[in-house]
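Beneath this line is the structure, given in structure tokens, with notes to follow.
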Amino acid sequence: MAQKPVVVIHYCMQCNWLMRSAWMAQELLHTFAEDLAEVTLKPGTGGIFEITLDEHLLWERKRDGGFPDATTLKQRVRDICFPDRTLGHIDKHKTEVS
């Protein structure tokens with residue numbers, strides 16, 4: 001059996017981004033509860049906010065311009081790990097907007 005993916009949310013504790021990070025972890029665990037090995041919150045400093053999925057950098061605050069919404073984050077996890085999986089209403093909303 002293949003090893004399940006690991007998500008790490010590296011956040012700046014000086015910037016008080018713990019609650020935002022915990023909310024994002026909760027959203028990922030709600031959607032991918034049985035599919036992820038773990039979601040880890042990693043405190044840091046200096047304005048860091050990065051979300052990695054194994055060796056993939058999913059989101060970087062400075063590079064990507066702020067913070068992801070839950071839909072974007074879930075779609076990026078899905079696109080890398082579970083590309084054939086539907087995310088239900090999230091995908092329908094994306095189709096309607098397009």
Side-chain angles (χ1 to χ4, degrees):
M1 185 161 100
Q3 187 174 0
K4 293 181 179 181
V6 173
V7 174
V8 176
I9 302 173
H10 193 182
Y11 68 94
C12 179
M13 58 189 171
Q14 295 169 316
C15 301
N16 294 317
W17 291 337
L18 172 61
M19 294 300 289
R20 178 188 310 266
S21 302
W23 171 75
M24 289 182 186
Q26 174 187 323
E27 287 291 320
L28 290 174
L29 289 168
H30 177 74
T31 300
F32 302 105
E34 295 182 18
D35 303 315
L36 298 173
E38 63 186 70
V39 177
T40 301
L41 299 179
K42 180 180 175 183
T45 59
I48 190 154
F49 190 86
E50 295 178 352
I51 302 174
T52 57
L53 174 70
D54 294 333
E55 72 278 0
H56 304 281
L57 181 61
L58 291 180
W59 194 271
E60 201 281 318
R61 183 184 64 84
K62 293 176 184 174
R63 178 194 74 186
D64 297 311
F67 303 94
D69 58 24
T71 298
T72 301
L73 184 55
K74 290 176 184 183
Q75 287 170 336
R76 289 188 181 189
V77 169
R78 185 267 321 269
D79 291 349
I80 291 171
C81 295
F82 318 105
D84 297 329
R85 182 173 176 177
T86 180
L87 292 175
H89 71 279
I90 291 174
D91 287 333
K92 290 178 186 171
H93 177 70
K94 182 180 176 184
T95 304
E96 292 170 4
V97 173
S98 299

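Keep in mind that the numbers below use all heavy atoms, side chains included, and drop hydrogens, waters and symmetry copies.
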By side chain to side chain donor-acceptor pair (under 3.5 Å), Asp54 pairs with (sequence neighbours left out) none
Check your understanding: Side chains of Val8 and Ile51: closer than 4.5 Å at any heavy-atom pair?
Key -> no
### Query
Does a side-chain heavy-atom distance below 4.5 Å link Trp59 with Thr72?
yes
- prompt: Would you say the side chain of Tyr11 lies within less than 4.5 Å of the side chain of Pro43, judging by non-hydrogen atoms?
  reply: yes
Is any side-chain heavy atom of Leu28 less than 4.5 Å from a side-chain heavy atom of Val77? yes
_Less than 4.5 Å apart, side chain to side chain, heavy atoms only: is that true for Arg63 and Leu57?_
yes
Closest non-hydrogen atoms of Ala25 and Val39, given as atom of the first, atom of the second and distance, are CB-CG1, 3.5 Å
Output for pair (Ile80 CD1, Glu55 CD), nearest 0.5 Å, gives 8.5 Å
Residues 23-45 vs salt bridge (Lys or Arg N to Asp or Glu O under 4.0 Å), sequence neighbours excluded, gives Glu27-Lys74, Asp35-Arg85
Here the gap from His10 atom NE2 to Thr52 atom OG1, rounded to the nearest 0.5 Å, amounts to 9.5 Å
Would you please indicate if the ring centroids of Trp17 and Phe67 are separated by under 6.0 Å? yes
Problem set entry | Transitive ILVMFWY side-chain link Leu18 to Met13, under 4.5 Å | yes
Separation between CD1 (Ile9) and OG1 (Thr40), nearest 0.5 Å, reads 9.0 Å
Closest heavy-atom pair, Cys12 versus Gly46, reported as atoms and distance to 0.1 Å, is SG-N, 3.7 Å
Quiz item: If we only count heavy atoms from C-beta on, is the Leu73 to Met24 side-chain gap below 4.5 Å?
Solution: yes
- Task: Indicate yes or no: at least one non-hydrogen side-chain atom of Phe49 is less than 4.5 angstrom from one of Ser21.
- Result: yes
In this structure, NE2 of His56 is separated from SG of Cys81 (nearest 0.5 Å) by 7.0 Å
